[in-house]
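First up is the structure itself, then whatever we jot down about it.
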Amino acid sequence: MLQEYSARDIETKWQMVWAENSVFHADPDSSQKFFLTIPYPYLNGNLHAGHTRTFTIGDAVARYKRMKGLNVLFPMAFHATGTPIVGLSELIANKDPLIWDVYTKLHGIPEDELAELNTPEKIVLYFRQQAKNAMQRIGYSIDWRREFTTTDPAYNKFIEWQYGILRDLNYIIKGSHPVRWCPHDMNPVEDHDILKGEDATLLDFALLKFKMGDWILPCATLRPETVFGVTNLWINPRVNYVIARVNEETWVVSPQAYEKLTFTDRQVAWGTEISGKDLIGKSVSNPVTGSQVIILPANFVDPDNGSGIVMSVPAHAPYDYLALKDLYYEDLSEYGLNQDLRQIKIISLIEVPGYGEFPAIEAVKELNVENQNDTKAEEATKLVYKREFHNGVLKPITGKYTGIAVSKIKDVLLKDLINENMAEIFYEFSEMPVICRCGTRCVIMMVKDQWFLEYSDPTWKASVLDCLAKMRIIPEEIRVEFENKIDWLKDKACARRKGLGTHLPWDKEWLIESLGDSTIYMAYYILAKYVNADMRIENLTPEFFDYIFLGKGKPENIAELTGIPLEIIHQIKHDFAYWYPVDLRTSGKDLVANHLLFFLYHHVAIFPEPLWPEAIAVNGFVSLESQKMSKSRGPLLTLEQAVAENGADVTRLYILGNAEYMQDVDWRNEGVVSTRGQLERFYNLAKDIIADPSINENLDYSQIDRWMLSRLQKRISETTEAMENIQTRRALQNAFYLLFNDLRWYQRRGGKNQLRRVLSSWVRLIAPFTPHVCEEIWSNMEKGYVSLAPWPSADEALIDEQAELAERLLQDTLDDIEEILKVTKSSPKKITLYTAPAWKKQMFRIAVELSQEGKMDMGKFMKIVMSQPEIAKKKKDAPKYAQKLAKSVHSLSAEILTLDDFSVLSQEKAYLQTALGVPIDIFSADELTDDPMSKSKQAEPGRPAIYMSND
RNA sequence: GCGGGGGUUGCCAAGAGGUCAAAGGCACAGGGCUUAGGACCCUGUCACGCAGGUGUUCGCGGGUUCGACUCCCGUCCCCCGCACCA
């Protein structure tokens with residue numbers, strides 16, 4: 001063994017040994033299998049600390065399961081399909097200064113190498129190699145024979161086959177959908193292309209068609225149900241509106257709204273203009289109720305929002321009420337209006353607890369809102385909206401919708417209104433403006449004739465929910481998140497015009513969208529081994545896939561059709577049958593609402609139920625010194641860097657030991673440095689133990705040996721349980737840190753002969769986390785790889801509660817003595833311990849028994865106690881002790897009584913004397929020979945009385 | 001806004017009705033070992049306390065209970081996702 005721990009030497013040595021001996025290659029055999037997968041990384045940069053977390057969790061689980069005797073397949077591949085790599089190659093080719101900075105500084109790529117990456121192909125090749133190197137350097141136990149990239153021709157064949165099936169199942173349909181669009185670039189705008197407003201989401205407004213003769217005045221609203229309570233419309237008198245041709249209708253909208261309409265799937269044509277002022281005073285008919293309402297002026301109407309025309313529902317919208325009220329006192333004769341607006345009847349349509357007829361009016365009064373310009377008006381709006389949305393129910397005025405909850409009404413009503421041509425949908429950003437990187441203001445574009453995966457299909461959804469219900473979800477808390485997201489998932493556009501990927505087999509102009517090609521590729525890993533061993537791509541026909549993955553057709557026919565030898569076909573089929581389904585997929589929490597969902601959707605669509613995934617585990621991210629990592633802005637820590645600076649084992653230990661499940665790991669240099677120290681200490685201790693010639697395992701167990709072995713068994717059980725639950729932090733706490741402390745106590749107490757035995761288990765317990773150093777230590781004490789050594793199992797027979805109680809008594813006694821020393825600041829010449837007398841133990845026992853029966857009755861207790869002659873003698877002391885017992889009755893435990901404290905302490909007298917550096921006397925309170933201060937009266941079971949004398 | 005997760009002692013982080021002033025780590029302090037030490041080993045770090053004790057804490061405000069960090073209600077704050085983007 002090396003004298004000094006050197007991560008670099010140990011790690012490269014074992015990585016080579018593992019690779020040369022194919023230690024992690026997995027092929028079917030007679031043992032139980034475990035198929036573990038992790039989402040492959042996208043190749044637009046180097047792997048970073050976030051990947052490291054997810055991958056390392058997976059690797060630790062893979063290693064653990066392997067040691068448990070399972071045949072573990074842990075494969076890895078690379079994701080390259082989609083648009084970002086193409087975009088990146090262009091930016092690199094143009095030497096975009098921003099990108100240049102990010103990739104040289106954050107991703108650590110040398111300038112000359114970066115300059116070469118001017119095509120998508122080169123980028124894929126480069127980062128694939130980088131990623132693979134990084135994964136090897138951190139010691140992942142991957143079977144690399146199955147490696148592939150999603151742009152490989154064979155993979156394309158596999159994706160085409162999959163999409164053919166989805167199409168046959170009628171899960172792929174055509175439709176239109178809204179996207180963020182840059183009119184200058186003539187392209188959809190992605191998040192990283194946005195200069196301003198990246199948090200903006202797409203809101204679907206209802207456009208309600210109020211009629212004025214042949215003209216339609218559409219009003220945009222997020223609350224279409226309030227159409228039943230409209231009293232008037234609002235129009236901005238200072239805006240010139242457009243009378244436009246929209247499809248077969250004539251609409252009156254603001255110029256800005258007209259502009260937006262041109263990007264939707266409507267046929268539009270500019271007509272004449274009309275001043276807002278000229279519209280005021282006219283009346284329109286409510287498309288739903290048919291009633292006539294008047295158009296009134298309002299300066300708050302923003303022509304850039306919605307259609308530029310607003311419907312007014314003063315009963316439920318504070319702004320509308322305030323604006324109307326404000327007009328009561330205004331002279332509107334310039335609009336030819338001279339009627340008394342107080343005659344306008346406010347219409348209530350929502351019943352909500354806590355409010356009467358007109359919630360908006362009440363809220364305005366409640367918050368003392370002065371007028372429409374009062375900042376509190378916004379607050380009132382939110383208040384009313386919140387209460388109405390959550391608790392509101394529609395009133396009889398809404399006809400067939402009566403009784404429906406406000407929170408449930410929008411979709412139902414909108415569907416009906418659209419069917420009757422009373423409304424349309426109009427998209428608007430939630431925040432404005434949204435600006436593209438080119439400086440142009442973005443719009444919402446309706447993409448037509450788009451291919452969709454019909455995730456909204458109720459049968460499909462039901463199958464996914466069924467699958468989810470049968471799966472293990474780790475941690476269990478996020479199951480409900482999965483359920484919610486499945487419920488929420490709508491149809492998803494599944495094809496694009498740009499980027500890398502597989503063409504839709506029936507419509508070659510389209511590329512399959514990159515999340516959609518990453519759903520059932522775990523099955524492809526089984527095939528990839530053969531593809532990598534030189535299989536001919538043109539042999540991979542749909543019939544071949546059908547047979548391998550779905551068992552359709554006859555192997556003889558497939559062999560004939562494809563030219564693949566029958567034997568190979570049988571073997572691949574057999575491999576697939578052995579490895580599938582996926583036993584565990586672990587992933588970051590950001591993928592819950594997309595990839596992991598699609599993973600389930602496509603599995604239930606393509607495969608029969610026995611091949612559905614068994615389990616999903618989800619984990620959080622990694623932050624750097626409390627700062628969020630960012631691939632484009634920094635800070636960023638690459639896997640490569642972390643390993644180069646700290647070593648693979650330290651990186652793994654830190655990242656797995658510092659958080660669990662959904663929590664984020666905070667990567668802090670200070671913590672990493674100390675982790676390195678811990679590992680070094682472990683290495684040194686192991687080295688000393690192996691080299692210690694004085695260890696004699698054949699001697700009988702001493703008390704401290706029994707204690708150590710007992711603790712070890714408990715640490716083993718805890719660690720095992722934690723690993724079964726994928727709790728790496730809990731596992732490491734037990735397997736590494738707590739066991740380390742146990743060992744310290746063991747050695748401090750003079751334990752030695754079980755050290756090697758403990759070490760053997762210890763090394764195996766942490767091998768999944770720090771495999772290299774463990775391999776190194778193991779090779780100096782046992783044969784074979786620790787990576788394949790049997791996981792320790794807890795031996796019940798070695799659990800020794802007596803030994804543990806005895807050690808605890810000793811520690812507690814030392815603690816008590818130290819406390820007294822601290823408080824009195826004295827340095828005694830002698831310490832005397834008195835263990836509890838028999839009568840106190842007897843009382844203790846009775847108290848425990850009584851408390852177990854239920855509430856302890858003090859009278860009953862005293863009666864029983866005093867009937868015992870030995871106790872009855874202690875007329876004064878017994879009631880005092882009884883009081884004390886009664887106080888703590890809820891937390892009494894009888895186990896301490898199983899210990900003979902006098903003999904335990906007497907046996908450890910020598911240790912106590914050396915530990916404290918003072919002579920110690922030990923008496924039982926039953927046989928007092930010396931008790932100058934009557935301290936012995938304080939003795940209790942498990943807690944000796946202490947007397948310190950200074951002479 | 002919607003959905004999910006979370007706020008614990010200087011920091012990270014366990015705990016989920018009594019065994020809790022609350023594991024473990026870090027940081028800091030004292031002591032030991034040592035030529036020396038950033039290595040290692042002990043001890044301490046809410047407050048007060050000349051005998052092992054007492055008091056006050058687990059985002060904030062209420063409630064249930066003999067007893068609440070743990071259960072219930074309200075409230076504030078933080079993080080993640082909300083789609084055609086991997």
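Per chain, numbering begins at 1; letters A, B, ... match sequence-line order. These numbers come from a predicted model, not from an experiment.
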What pairs of donor and acceptor atoms, side-chain ones from residues 444-455 of chain A against any protein atom, are under 3.5 angstrom apart with sequence neighbours left out?
{"residue": "A:Q450", "atom": "NE2", "partner": "A:A495", "partner atom": "O", "Å": "3.4"}
{"residue": "A:W451", "atom": "NE1", "partner": "A:D507", "partner atom": "OD2", "Å": "2.9"}
{"residue": "A:Y455", "atom": "OH", "partner": "A:H602", "partner atom": "NE2", "Å": "2.7"}

message: Taking only the C1' atom of each, what is the distance from B:C26 to B:G17 in whole angstrom?
response: 31 Å

message: Tell me the interatomic distance from A:Y601, atom OH, to B:A83, atom C1', rounded to whole angstroms.
response: 13 Å

field: Nearest-angstrom distance, C1' atom, B:C60 to B:C78
entry: 15 Å

task: Would you name the heavy atoms of A:P39 and A:Y521 that are closest together and state the gap between them?
output: CA-OH, 3.3 Å

Pairs under 3.5 Å (N/O, protein and nucleotides 53-57 of chain B):
{"residue": "B:G53", "atom": "OP1", "partner": "A:R943", "partner atom": "NH1", "Å": "3.1"}
{"residue": "B:G53", "atom": "OP1", "partner": "A:R943", "partner atom": "NH2", "Å": "3.2"}

- prompt: Residues in side-chain contact (heavy atoms from CB on, under 4.5 Å) with A:K485, at least two apart?
  reply: A:E481, A:W488, A:A593, A:L597

task: Assess whether ring pair (Phe, Tyr, Trp, His ring centres under 6.0 Å) is satisfied between A:F682 and A:F736, documenting all intermediate values.
output: CA-CA 9 Å; A:F682 164 69; A:F736 193 65; 5.8 Å; yes

task: Sticking with atom C1', work out how far B:A83 lies from B:G15, rounded to a whole angstrom.
output: 38 Å

message: So if I take every side-chain heavy atom of A:S674 and compare against B:A86, B:G49, B:C26, which nucleotide ends up nearest?
response: B:C26

query: Can you find an N or O donor on one side and an acceptor on the other, under 3.5 Å apart, linking the side chain of A:K492 with the base of B:C84?
result: yes

query: Checking all strands, does A:A495 fall into the base, sugar-phosphate, or nothing category for heavy-atom contacts under 4.0 angstrom?
result: nothing

statement: The reported gap from CG in A:L500 to CG in A:L511 (rounded to nearest 0.5 angstrom) is 8.0 Å

- prompt: With rounding to whole Å, what would you report as the distance between B:C42 and B:G6 at their C1' atoms?
  reply: 37 Å

Between protein and nucleotides 28-30 of chain B, what N or O pairs are separated by less than 3.5 Å?
none

task: Taking atom types as modelled, find out whether A:N741 and A:R744 have a side-chain donor-acceptor pair closer than 3.5 angstrom.
output: yes

query: Which heavy atom in A:H79 sits nearest to a heavy atom in A:D517, and how many Å separate them?
result: NE2-OD1, 3.4 Å

NZ/NE/NH1/NH2 to OD/OE distance under 4.0 Å, A:K410 and A:E225: no

task: Kindly point out which of B:C26, B:C84, B:G25 is positioned nearest to the side chain of A:N741?
output: B:G25

message: Measuring only the C1' atom in each nucleotide, how far is B:A27 from B:C76? A whole number of Å is fine.
response: 30 Å

message: Nearest to the side chain of A:V823, heavy atoms from C-beta on, is which of B:A83, B:G24, B:C50?
response: B:C50

Please tabulate, one pair per line, each protein N/O and nucleotide N/O from nucleotides 69-78 of chain B that are separated by under 3.5 Å, including the distance.
none

- prompt: Does any donor-acceptor pair link the side chain of A:N594 with the base of B:A86 at a separation under 3.5 Å?
  reply: yes

- request: Any chance you could measure A:S176, atom OG, to A:K174, atom NZ, to the nearest 0.5 Å?
  value: 10.5 Å

Rounded C1' spacing from B:C41 to B:G55 in Å: 34 Å

- request: Give the B/S/- string for nucleotides 34-42 of chain B, one per nucleotide from 5' to 3', where a protein heavy atom under 4.0 Å of the base yields B, of only the sugar-phosphate yields S, and otherwise -.
  value: ------SSS

task: Could you measure between the two C1' atoms, the one in B:C20 and the one in B:A68, and give it in whole Å?
output: 12 Å

message: Between B:A86 and B:C40, how far apart are the two C1' atoms, rounded to whole Å?
response: 49 Å

statement: Scoring nucleotides 7-22 of chain B by protein non-hydrogen atoms under 4.0 Å (B base, S sugar-phosphate only, - none) yields ----SSSS---B----

Residues which pass salt bridge (charged side-chain N to carboxylate O under 4.0 Å, His left out) with A:E801, listed by chain and number, not counting sequence neighbours: A:K714

field: Watson-Crick or G-U wobble mate for B:G3, both contacts under 3.5 Å
entry: B:C80

statement: pair_partner(B:A16), Watson-Crick or wobble, both distances < 3.5 Å, evaluates to none

message: Between A:E718 and A:R730, does any side-chain N to carboxylate O distance fall below 4.0 Å?
response: yes

task: Provide the closest heavy-atom pair for A:V918 versus A:K830 in the form atom of the first, atom of the second, distance.
output: CG1-N, 3.6 Å

task: Select base, sugar-phosphate, or nothing to describe what A:H79 touches, counting heavy atoms under 4.0 Å on all strands.
output: sugar-phosphate

task: Sorted by first residue and then second, give each salt bridge (Lys or Arg N to Asp or Glu O under 4.0 Å) pair with at least one member in residues 810-819 of chain A; sequence neighbours left out.
output: A:D816-A:R943

field: Candidates B:G49, B:A51, B:C84 - which lies nearest the side chain of A:I820
entry: B:A51

- prompt: So which one's nearest nucleotide on RNA chain B is more toward 5', A:A593 or A:E513?
  reply: A:A593

query: Which residues pass the ring pair (Phe, Tyr, Trp, His ring centres under 6.0 Å) test with A:H51, sequence neighbours left out?
result: A:H48, A:F55

- request: Write down the atom of A:L765, the atom of A:A735, and the distance for their closest heavy-atom approach.
  value: CB-CB, 3.9 Å

task: Could I get the full list of side-chain contact (heavy atoms from CB on, under 4.5 Å) partners for A:A617, not counting sequence neighbours?
output: A:I474, A:L584, A:T586, A:I726

- request: To the nearest 0.5 angstrom, please state how far the CD1 atom of A:I512 sits from the CG atom of A:L504.
  value: 5.0 Å

- line: Per nearest nucleotide of RNA chain B, the residue lying toward the 5' end, A:V189 or A:K822, is A:K822

- prompt: Has the side chain of A:R53 got a donor or acceptor atom that lies under 3.5 Å from a matching backbone atom of A:G620?
  reply: yes

message: Taking A:D692 first and then A:K752, would you say they form a salt bridge - that is, a charged N and a carboxylate O separated by under 4.0 Å?
response: no

Using the 3.5 Å cut-off, write out each protein N or O paired with an N or O of nucleotides 4-6 of chain B and the distance between them.
{"residue": "B:G4", "atom": "O4'", "partner": "A:E481", "partner atom": "OE1", "Å": "2.6"}

- request: Counting heavy atoms from C-beta on, name the nucleotide in B:C79, B:A86, B:C84 closest to the side chain of A:R180.
  value: B:C84

- request: Please test A:T502 against A:T150 for side chain to side chain contact (heavy atoms under 4.5 Å, CB included), starting from the C-alpha separation and ending with a verdict.
  value: CA-CA 9 Å; A:T502 308; A:T150 56; over 6 Å; no

- prompt: What does B:U65 pair with, Watson-Crick or G-U, if both distances are under 3.5 Å?
  reply: none

